[in-house]
Amino acid sequence: MKSIHTVVRDQFSQHADYYAQSIAHATGDTLDVILEFADPKGTERTLDIATGTGFTAFTFAPKVAHVVATDLTPEMVAKAAELAQEQAIENIAFSVAAAESLPFTTASLDLVTCRLAPHHFQDVRAFLSEVHRVLRKGGLFCMADSVSPESEKLIAWQNRVETLRDNSHVYGRPPSQWNAMIEDAGFSIEKTAHVRNAQMSFLWWVRPAQNPPEVVQEIRDAFAQLSPDEAREYYTVKPAGDDFYFSWPMYAVKARRAS
Ligand SMILES: C[S@@+](CC[C@H](N)C(=O)[O-])C[C@H]1O[C@@H](n2cnc3c(N)ncnc32)[C@H](O)[C@@H]1O
């Protein structure tokens, strides 16, 4: 069986251009809230983990001293480096690295960011332990990711739907599980926020060019099986002819390594 890292690389190596053009990744409350939580002063040595095509790293670069942007998938790192060059961003470096094993010296960084990625990670506890290790005492970790509602039924529903669409999805956990794991890793949580990214078109999100029609239909049927309250409250579902628009719940955390 393929390791999760191999599945992730197989999946994301084909989609660097798709991500680079994705409004859902380029914008949204998760980017604003991470920036607000980090409140950079201009001196921070910063690491952006699972940078994808660099949206979070590029947002922070003008506001901190230096950013290292890392990702498991070489094609995503190459695309991010190309975009950084086009945008003449100079205080940025790139590295291919797994979130679970960071090639940085202990206590060498002031700020670590990670956005819209941990639900793909093979080992979230190892990731959090590595973030804690590379941050200096008092350093900040600011993350945002899609989460499941606090409901056993919807945790199972959401993870089934996400995995049907993209087999590199590992697990979207509810906020209570994030809080416990972040505190177990030795951080103090200072702020949290429930946010949303852009509403997504189902027909765009489901990637019909990649997923066969029967899989697209299975996912559509799964949405239809939600109760009207679940669809509205948790997934902001809005019909639009043959299509519909929806969003995943997102959770952002500001956590500090103890001094
Ligand atoms: C949705 S994209 C990233 C979005 C990006 N952080 C942003 O703000 O636009 C998810 C990224 O996670 C990366 N990834 C998945 N598992 C990883 C892991 N274990 N370590 C590092 N990167 C990983 C993938 O290669 C992919 O580029």
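Heads up: numbering here begins at 1 and tracks the sequence. Both counts, for ligands and for their atoms, begin at 1 and track the order of listing.
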>> Would you call the rings of Trp248 and Phe246 parallel, tilted or perpendicular, taking 30° and 60° as the class edges?
In response: perpendicular
Which ligand 1 atoms, with their elements, are less than 4.0 angstrom from a heavy-atom of [X]?
X      : answer
His120 : 15 (C), 16 (N)
Gly52  : 3 (C), 27 (O)
Leu116 : 1 (C), 10 (C)
His5   : 19 (N)
Arg115 : 4 (C), 5 (C), 6 (N), 7 (C), 8 (O), 9 (O)
Thr56  : 7 (C), 8 (O)

>> Does Glu152, at its CD atom, have more than 12 non-hydrogen atoms belonging to other residues, nucleotides or ligands within less than 6.0 Å?
In response: no
> Counting only heavy atoms not in Glu90, do more than 12 sit closer than 6.0 Å to its CD atom?
Replying inline: no
>> Testing the basics here: between Leu83 and Ala20, what is the closest heavy-atom pair and its distance to 0.1 Å?
In response: CD1-CB, 4.1 Å
> Starting from atom 5 (C) of ligand 1, which protein heavy atom do you reach first, and at what distance in Å?
Replying inline: Thr51 O, 3.3 Å
> Is the distance between the ring centroids of Tyr251 and His194 less than 6.0 Å?
Replying inline: yes
> Does even one non-hydrogen atom of Gln122 get within less than 4.0 Å of ligand 1?
Replying inline: no
>> Could you check whether any heavy atom of Gly54 sits closer than 4.0 Å to an atom of ligand 1, since that is the contact criterion I want to use?
In response: no
>> Against Lys79, only a single residue in Thr73, Asp71, Thr53, Asp17 fulfils side chain to side chain donor-acceptor pair (under 3.5 Å); can you say which?
In response: Asp17
> For atom 9 (O) of ligand 1, which candidate among Phe127, Phe55, Phe58 provides the closest heavy atom?
Replying inline: Phe55
> In terms of hydrophobic clusters joined by side-chain contacts under 4.5 Å, are Phe223 and Met200 together?
Replying inline: yes
